[in-house]
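See structure below.
Keep in mind the model is a prediction, meaning the values are calculated, not measured. So you know, we letter chains A, B, ... as the sequences are listed, proteins then strands, and number each from 1.
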Amino acid sequence: MYAFELEKPATVAEAVKALAQEDAQALGGGQTLIPSMKQRLAAPAVLVSLNGIKEMIGVRKDGGDLVIGGATPHAVVAKEAGAYPALAGLAGNIGDPAVRNRGTIGGSLANNDPSACYPSAVLASGATVVTNNRQIAADDFFEGLFTTALEPGEIITEVRFPIPQKASYQKFLQPASRFALTAVFVAKTGGGVRVAVTGASEDGVFRWADAEAALSANFAADAVSGLSVDPEGMIGDMHGTKAYRANLVKVLTGRAVSAA
Amino acid sequence: MPKDQGIGARSKRREDVRFLTGAGRYTDDINVPGQTYAAFVRSEVAHGKITKIDTSDAEKMPGVVKVFTAADFDGKGGVPCGWQIHDRQGNPMLEPKHPILAEGKVRYVGDAIACVVAETLEQARDAAEAVVVDIDELPAVMDMKAAVKGGALVHDELGSNLCYDWGFIEDNKAATDAAFETAHHVTTLELVNNRLIANPMEPRVALGHYNRAMDDYTLYTTSQNPHVIRLLMGAFVLSIPEHKLRVVAPDVGGGFGSKIFHYIEEAFVTHASRLINRPVKWTSTRSEAFLTDAHGRDHVTKIELALDKDGMFQALRTETYANMGAYLSTFAPSVPTYLHGTLMAGNYKTPHIYVNVKAVFTNTVPVDAYRGAGRPEATFQLERVIDKAAREMGIDPIELRRKNFVGADEFPYQTPVAVAYDTGNYQATMDVLEKIADLAGFEKRRADSAKKGLWRGLGVNCYIEACGIAPSNLVGQLGARAGLYESATVRVNATGGIVVMTGSHSHGQGHETAFPQVISEMIGIPESQVEIVHGDTANTPMGMGTYGSRSLAVGGSAMVKATNKIIAKAKKIAAHLLEASDGDIELKDGKFTVAGTDKSVDWGSVCLAAYVPHNYPLAELEPGLEETAFYDPSNFTYPSGAYACEVEVDPDTGKVTVCAFAAADDFGNVINPMIVEGQVHGGLAQGIGQALLEGAVYDENGQLLSGSYMDYAMPRADDVPFYTVDHSCCTPCTHNPLGVKGCGEAGAIGSPPAVVNAVIDALQRAGKTNVTHIDMPLSPSRVWAAIQG
Ligand SMILES: Cc1cc2nc3c(=O)[nH]c(=O)nc-3n(C[C@H](O)[C@H](O)[C@H](O)COP(=O)(O)OP(=O)(O)OC[C@H]3O[C@@H](n4cnc5c(N)ncnc54)[C@H](O)[C@@H]3O)c2cc1C
């Protein structure tokens, strides 16, 4: 690890200011950033910790929405997001207790790891990512592997999830990292069904349009059994071939519908 | 009532008090005043010529004491190989030099090129990044079969990538081939024994300290055998006489074989300390551990089994390519040969066996012994081919094994592959297994799984292993450049306490608990009166260390021998005190009694007399009570067992869940059943890990893709079931004083075939009759692909 300065602002405004410094970077739970700094793959000059910003931590209901502060650790979401059980369950299955007590929803979304869990929930729920200066619809937020619509220095302050009528997250574990080898989040709302897939595509989290159409017409597991997923563009690695991941997308979607 | 002391007691592991409370003292906990820190510059490419190393920028960086390259080791040896194999023609194996720092060429990703020593670790790392290395990349030699046909050479000076082509036993070949010609049925199986990374919890550490005032050296290191390191490094690498070199291996956090070997980092810190006249410490990062700890297994095998019409084994023939990696690690050549070929008879009476092994250099981390070392490779292929043969011939797989077992009345049994088994009872062990695994209830469990949409399968196999290595004269003939005896000094104090200085080394096994149980039993004193000292060449007799499940069988035997000498002398002292003849003295429960009388003297009084010899036969007997013994075994020991695994396969995802695992082992006599069960549990976890999860994966350029826990899957608690283990079938070893066989590796040896047999069984029962094998690890993706056909 290279040497760095640490700042601990108490408000979003202070954090935005601190992040304007050269080579400054936001620090959420540090579960991704600190390991890459230890490996000398990242070398920010200033780390701006968001963990002391009270307005960014917590879970609350706001009408039909569940609103989660950007610096809320996974463990808190697991415990307090009971109004949206599929989301609470997702949070409670991320990593291990140490990771869940540190890692945050904002950090996870900003990082947009192609195998991370939260991006699929945000995309399937049609959630809104709120930052210090704008609101970004889920469909506009994720821009491929480790890339998002966030501008440098922009902070995710909260995420607004419309609570669906039915939802389920089905995660198939990558045996080593226990991130998603492939996972599917299905959410049914008055407006139809959204299906978001993580862990599978070379382009990161995506919506499976064919399944959404089939399930909007008939919300039943066998509605997707006639569909097929093109292995082209899927991730192929030592843990699973492209064809295998394409199969998982379909199997897990069916299971999510059954479990929802 | 179960015993609470001595042999057979479930004594709690006393060492766990410090391990579980964070009070262990590991190598990295040791710091010496004036200490400096080493950071290696390692190759990022698998194979290439070094055209430039520029250290000038690095040397100017803050805190840098010195930047080392190969030039600083001019005239020093490479780290040596401890075992020489002769090939089918009788020629010695090809043996390249393994320099401490790369000389002109790099041969695997992680090969050490230079090393920065600085005042702090961060300064050393900063400066290591400033060392400029230019490398002309060469094609990486990765595929073993291609590597022996030509193309790029890992070691140009050797002229070939084939280290040796070994036949065992060469004289068996003609008869074996002939038996195949006339066989009723031949079953053939091609398989891979996947490459593994040991991953002990504690990464390697080495701290070298040259003391100019004394002109001597101390090396603190994470080793399973400090005396071996002292001998190899002192005599072959750095030319330091043993009396000027002390090697200390304090608490060691697991080894599984990977800490047997003499590594370049040990020689580096020791020599560097002399050159800069400061202590030098190197602590491996986890990433470095993946890239530099010796890997295990990595065999590609074709095995053929010939049977007659009744299923009796007629002959067995194997051809194996064994990966050596880029250099020969300390015991690498012995693993696919004498630790593997000698086990190919298994538990069976196969009259003709011929084993061929081609050891190959590749641009990968050196491969050496890993828990089981050669024996898991032998067991896996044998027990897999038997299962396949059973299916092909329509014979129940347990029945086929039972038919071919060496009978209980046929011991000692001379195999066609050199070794002779002293004891065993394979039918009885299988009887135990059938009971504890409730094999009779399998069909019902299978039906229950089917209701959940899951395919259940049952896999059964046997294993035999050779441990307690080993008779020195025999291994000498086979190419070992070391003796494989063990030593112990038993020192009795004036007040009756005992300290045992053993050449065995404990790195988690529980010697500090089990060894005192033996002495407690022999003398009749509480275990708490006995303490074990190990791991320091300065205060233990020359010993060969711990690996190959040898500690109790060999090290324990040395301790028994020394303790018998103590008892003999103590009886003489007692006889003097009791005014009797020493032949009439009996020792029981810590008391010496004149046979047939009530005249007695207790253990403590005899010990005191030995050190305060006021009333003592000084003319005939020296004062003091301390004895040393060396024990050289007359044979290997042969633990054996029968294992059963039940799995559920999810046909939609290919995911395998191990639902049940039962292990019936014959370890001979057992000193501490709780420790034995723990050893089996750990071994099973590693075996299940190999079967389902673990695998070192390189790409075609020699980059290690599974270089962290993000991709290298270690088994976790929820990957394994609650085990059913039993060691009630006991045929004591006939040639060591305790009748013990060894249990440290059994679980890892016996379990992979059970798991794979179970998965294949599940698929076969579900109608996937074309699936006869899947290579480990049986990842969901691989199983799913097999189901697709
Ligand atoms: C062992 C282990 C297992 C894991 N398992 C899983 C798993 O199963 N599923 C899963 O989804 N994830 C998993 N993770 C990832 C983890 O859950 C975190 O979500 C992830 O590390 C990022 O969150 P963080 O708060 O730690 O972010 P950090 O590491 O602090 O930051 C990550 C990136 O986000 C930026 N950032 C942080 N917060 C904000 C913000 N509010 N606004 C804008 N940018 C921000 C940082 O600058 C940095 O670039 C695992 C991690 C570990 C170490």
Side-chain angles (χ1 to χ4, degrees), chain A residues 1-4 31-32 35-41 43 93 95-97 99 113-116 170-184 199-200 221-222 224-225 228 231 234-256 258, chain B residues 39 62 120-123 125-126 128-130 194-195 197 199 285-288 290 453 650-657 688-689 691-699 703-719 775 777-788:
Chain A
M1 196 181 280
Y2 300 104
F4 59 90
Q31 297 302 295
T32 298
S36 50
M37 288 169 66
K38 278 187 174 171
Q39 291 197 297
R40 298 180 160 233
L41 299 171
N93 270 314
D96 50 50
V99 170
D113 186 303
S115 303
Q170 295 290 319
K171 176 181 180 184
F172 194 87
L173 299 183
Q174 195 261 50
S177 70
R178 299 209 169 177
F179 275 68
L181 179 61
T182 288
V184 175
D222 42 355
V224 295
S225 56
S228 69
M234 294 286 135
I235 298 169
D237 61 15
M238 72 179 92
H239 304 293
T241 58
K242 290 168 182 281
Y244 180 66
R245 280 192 171 78
N247 169 66
L248 280 185
V249 171
K250 189 169 137 178
V251 169
L252 297 174
T253 302
R255 288 183 181 178
S258 301
Chain B
T120 71
L121 182 55
E122 287 303 315
Q123 288 172 332
R125 287 190 181 150
D126 286 345
E129 286 179 357
N194 42 329
R195 187 179 180 113
I197 304 177
N199 282 302
T285 63
R286 184 57 71 181
S287 307
E288 259 179 317
F290 273 97
D650 178 342
D652 296 331
T653 64
K655 173 143 176 67
V656 175
T657 303
I688 292 170
L692 296 180
L693 298 164
E694 297 183 47
V697 180
Y698 281 96
D699 73 7
Q703 295 293 335
L704 182 64
L705 300 178
S706 56
S708 80
Y709 293 132
M710 291 301 280
D711 288 304
Y712 190 91
M714 297 290 287
R716 287 175 242 204
D718 63 354
D719 289 314
D775 273 326
L778 273 64
S779 64
S781 180
R782 284 185 179 175
V783 174
W784 178 80
I787 293 170
Q788 304 314 301

Side chain, backbone, both or neither of [X] within contact of chain A (heavy atoms, under 4.5 Å):
X	answer
B/P777	neither
B/E694	neither
B/D650	side chain
B/R782	neither
B/L693	side chain
B/S287	side chain

Next item on the list: Find the one option among A/M1, A/R255, A/R178 whose heavy-atom pairs under 4.5 Å with chain B are most numerous.
Entry: A/R178

Look at [options] and state which one has the largest set of heavy-atom pairs under 4.5 Å with chain A.
options	answer
B/E129, B/E122, B/R716, B/M714	B/R716
B/Q788, B/K655, B/R125	B/R125
B/D718, B/T285, B/L705	B/D718

Checklist line | Considering all heavy atoms, the nearest A/G240-B/S781 contact | finding: CA-OG, 3.3 Å

Next item on the list: Check whether A/A3 gets within reach of chain B through its side chain, its backbone, both or neither, counting any heavy atom under 4.5 Å.
Entry: neither

Check: Salt bridge between A/K250 and B/D652, side-chain N to carboxylate O under 4.0 Å?
Finding: no

I'd like to know if the side chain of [X] reaches the main chain of [Y], judged simply by a donor and an acceptor atom lying under 3.5 Å from each other, with no hydrogens or angles considered.
X	Y	result
B/R195	B/V697	no
B/Y712	B/A696	no
A/D222	A/S225	no

Checklist line | Derivation and outcome, side chain to side chain donor-acceptor pair (under 3.5 Å), residues A/Q39 and A/S36 | finding: CA-CA 5 Å; A/Q39 291 197 297; A/S36 50; over 6 Å; no

Margin query: The test is side-chain contact (heavy atoms from CB on, under 4.5 Å); show your working for A/T182 and A/H239 and say whether it passes.
Written below: CA-CA 11 Å; A/T182 288; A/H239 304 293; over 6 Å; no

Notebook entry, point to check: Quick one: does NZ or CZ of A/R40 land under 6.0 Å from the six-membered ring centre of A/Y2, within 45 degrees of the ring axis?
Noted result: yes

